[in-house]
2 protein chains.
Amino acid sequence: MAGIKDLARECGVSVATVSRALNGHPEVSVETRRQVQQAAERLGYRPSQSARALVRGRSDAVGLLWDSGYETAGRKHPFLLSLLVGLKQALSDVGRHLILLNVDVDRQGPRAYLDTARQFQVDGVIVMGVDDHRPALRELFESSLPCVAIDHDIAGPRACCVTSDNRAGAVEAVRHLHDLGHRRIATITGPVDLMPAVQRLRGFQQAVGELGLDLPDEYVQNGDFFMDSGYACGRRLAGLPKSRRPTAVFVAGDEMALGAMHAFADAGLDVPEDIAVVGFDDIEAASLVRPALTTVAQDSLALGTAAVSALLDFVDDRFGDRPAPESPILTPTRLVIRQSCGGGR
Amino acid sequence: MAGIKDLARECGVSVATVSRALNGHPEVSVETRRQVQQAAERLGYRPSQSARALVRGRSDAVGLLWDSGYETAGRKHPFLLSLLVGLKQALSDVGRHLILLNVDVDRQGPRAYLDTARQFQVDGVIVMGVDDHRPALRELFESSLPCVAIDHDIAGPRACCVTSDNRAGAVEAVRHLHDLGHRRIATITGPVDLMPAVQRLRGFQQAVGELGLDLPDEYVQNGDFFMDSGYACGRRLAGLPKSRRPTAVFVAGDEMALGAMHAFADAGLDVPEDIAVVGFDDIEAASLVRPALTTVAQDSLALGTAAVSALLDFVDDRFGDRPAPESPILTPTRLVIRQSCGGGR
DNA sequence: CCGGTGATCGAAAACGTTTACGGCACTCTA
DNA sequence: TAGAGTGCCGTAAACGTTTTCGATCACCGG
């Protein structure tokens, strides 16, 4: 690998000048800059990340804290992969890289998140899919290290949270059902300790209230985001006497929605004829099943972009005007209409 | 952050000794080592990755080359996420980290893959989900940088490929169908320029041959791994006169399998009564649909582990005994029996 | 002609490690 | 007891950059 010295020799200047030329410092003549750039191109020069990070104290990389144990334990994030794509894209646009920080808090102790981040001199970290209640997370968020969490409701001096506008998404979904003529609308919720789940429930309640609909207790069934719970909840709804049975149900997660649809089928109910179903997340399977699931999609790319841009705001201390970013930062959702409510294609 | 000097001062030894103590060099007394380790613990010392990488010329990190543009373009890898989990886990076990290398070959030129890897001083790279025919890839594989590709059939002096045993998986699948009494077995293939697709076809042909089954031309339908193509192929199979219509079909990808199932349903055929379907990959949706899809699952964790271990073999030059690793390295698949062939639960 | 000013650049210190080399105090052997 | 060997450790160089502090030079106004 050609180093900066080779470049210097090649151009007959000092290493300092080379560095300045390549980093866009103004105190170098256009002629020299041109020469240096050409030589760099010619020799295929790439500055050593390590050396650069060492002396500058920052690495132009952001860390990703993502507890994959969480993933293998079956609690899979509905669209973590698309989120990764979004993050990667957004980072690519600003010329930064992403380091998957492999940290096992249980083994490495409560400071592990923070320590590992510092060890790599990442400019900041993005946190997702981890257990909310770890002390290590508090430690991280209360530190001065810039970080943004996705779908976790935590904040700190240089930390905020970005998430989809779950509430608005829910509202749009039940409005859609209302528009289609439904008046008896039930819901199946996610686990109450997950922020997206509670926001979706809030949105549901808000919309039902605004539309002046009845909401008997048995119209909100508690699930856990997995299919079996969706089935069980669907079973209960289907079992209601016909006069009290909902004609539509807003399900807080696609996987549960599919479970509910199976339950309805087993109960002899036709979707969407007898009962309409709208889900949340737009997982891959949503478009693969029959009837295809109408659902509110999260914009994972926007989410990634928002996360990255918020993070960089912290990193570059861009808070002259506004005092601090509102948290959580919300990203719009989009209702994608398919077949499970009728009216789709 | 406490540095190595602080540790040295704290323990009254030189930095060299601290380094040696922490890195397990033998030439340090047990007593000193204990002291240093305790002090390190106490002060929460973490060595700077940059400094370490700079002087050692390696970073203890491996790069991941994964073209996310490929992903957003819809050509999604069926189980890239689980693969990531597998990689992460395997790397975690050997104390290494994963850097998502953000490289845009189109913008940065044909040496970009290699250069970026070198720039980060990664010990090696893992390649997946990229366009096979890029010259940049050749460049990479023909270099001396250790790399392993997942599902790409390329090799080089210090490069190999790991993939699932697609062929054996296919064989097992059609054997299963045969065991269930099926004799007229068709297949829907993936695109012929993708290694897994051709291996699955080979396996299918092999099994059909071994079992002495008839294989009329119209029994192999060419798809592209996406649902629509599966539907189209299914349509064609369903349209055959009943006496020549297959009673089972081996589909080279789950998404296409779902498409085929829809086609069969539209043609009034019952799955699995009239026609059995077995897929490949075990994507999430496979267990979410009704009837749930019998499919051959790839072991993404094993795949990740195999990739990492092969990579490290190159990195550490563990080829005293064997001349070079056979390529591709194969990872076993597993037939998961659900409902789409009958006989499942 | 002189001091000041800007533009351009070089020398060298720093960043936090690892490691080659050498040194010292022992112990062992002859 | 000299010499060799061994166990332990310190000094300092090296890794490849960035950045501070001056240095040089040309030019300009007085």
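Order of the sequence lines fixes the chain letters, A, B, ..., with proteins taken first and strands second; residue numbering starts at 1 for each chain.
Within residues 27-34 of chain A, the residues having any heavy atom closer than 4.0 Å to DNA chain C are, in order of number, A:Glu27, A:Val28, A:Ser29, A:Thr32.
When the shell of 6.0 Å around CZ of B:Arg58 is examined, it contains more than 12 heavy atoms from other residues, nucleotides or ligands. When the shell of 6.0 Å around CD of A:Glu27 is examined, it contains more than 12 heavy atoms from other residues, nucleotides or ligands.
Residues B:Ser19 and B:Ile4 meet the side-chain proximity criterion, which asks for heavy atoms closer than 4.5 Å.
One atom, CZ of A:Arg58, and another, C1' of C:dG16, lie 19 Å apart when rounded to the nearest Å. The distance between atom CG of B:Leu22 and atom P of C:dG16, rounded to the nearest whole Å, is 16 Å. Rounded to whole Å, the distance from CG on A:Asn23 to P on D:dG16 is 17 Å. The CG atom of B:Leu7 sits 12 Å away from the C1' atom of C:dG16 (whole-angstrom rounding). Rounded to whole Å, the distance from CZ on B:Phe120 to P on D:dG16 is 17 Å. The separation between A:Gln121 atom CD and C:dG16 atom P is 8 Å, rounded to whole Å. Atom NE2 in A:His25 sits roughly 15 Å away from atom C1' in D:dC21 (whole-Å rounding). Going from atom CD of B:Gln119 over to atom P of D:dC15 covers 19 Å, rounded to whole Å.
For D:dG10, the base has a donor-acceptor partner in the side chain of B:Arg20 [N/O atoms by modelled type, under 3.5 angstrom].
Between the side chains of B:Ser50 and A:Gln121, at least one donor N or O lies within less than 3.5 Å of an accepting N or O.
Residue B:Ser48 is in sugar-phosphate contact alone, with no base atom involved, counting any heavy-atom pair closer than 4.0 Å across all strands shown.
Nearest nucleotide to the A:Lys5 side chain, out of C:dA12, D:dC15, C:dT17: D:dC15. Of the candidate nucleotides C:dA12, C:dT18, C:dG16, C:dT18 has the atom lying nearest to any side-chain atom of B:Arg56. Of the candidate nucleotides C:dC15, C:dC9, D:dA14, D:dA14 has the atom lying nearest to any side-chain atom of B:Val55.
For the pair A:Asp6 and A:Arg9, the salt-bridge criterion is met [side-chain N within less than 4.0 Å of a carboxylate O]. Between A:Lys88 and A:Asp93 no salt bridge is recorded (no basic side-chain N to carboxylate O distance below 4.0 Å).
Nearest heavy-atom pair, A:Ser48 versus B:Leu54, reported as atom, atom and distance to 0.1 Å: OG-CD1, 4.3 Å.
At the phosphate of D:dG10, OP1 or OP2 sits under 4.0 Å from a side-chain N or O atom of B:Thr17. A sub-4.0 Å separation between OP1 or OP2 of D:dT18 and a side-chain N or O of A:Arg52 is present. Distances shorter than 4.0 Å separate none of the side-chain N or O atoms of A:Ser14 from OP1 or OP2 on C:dC9.
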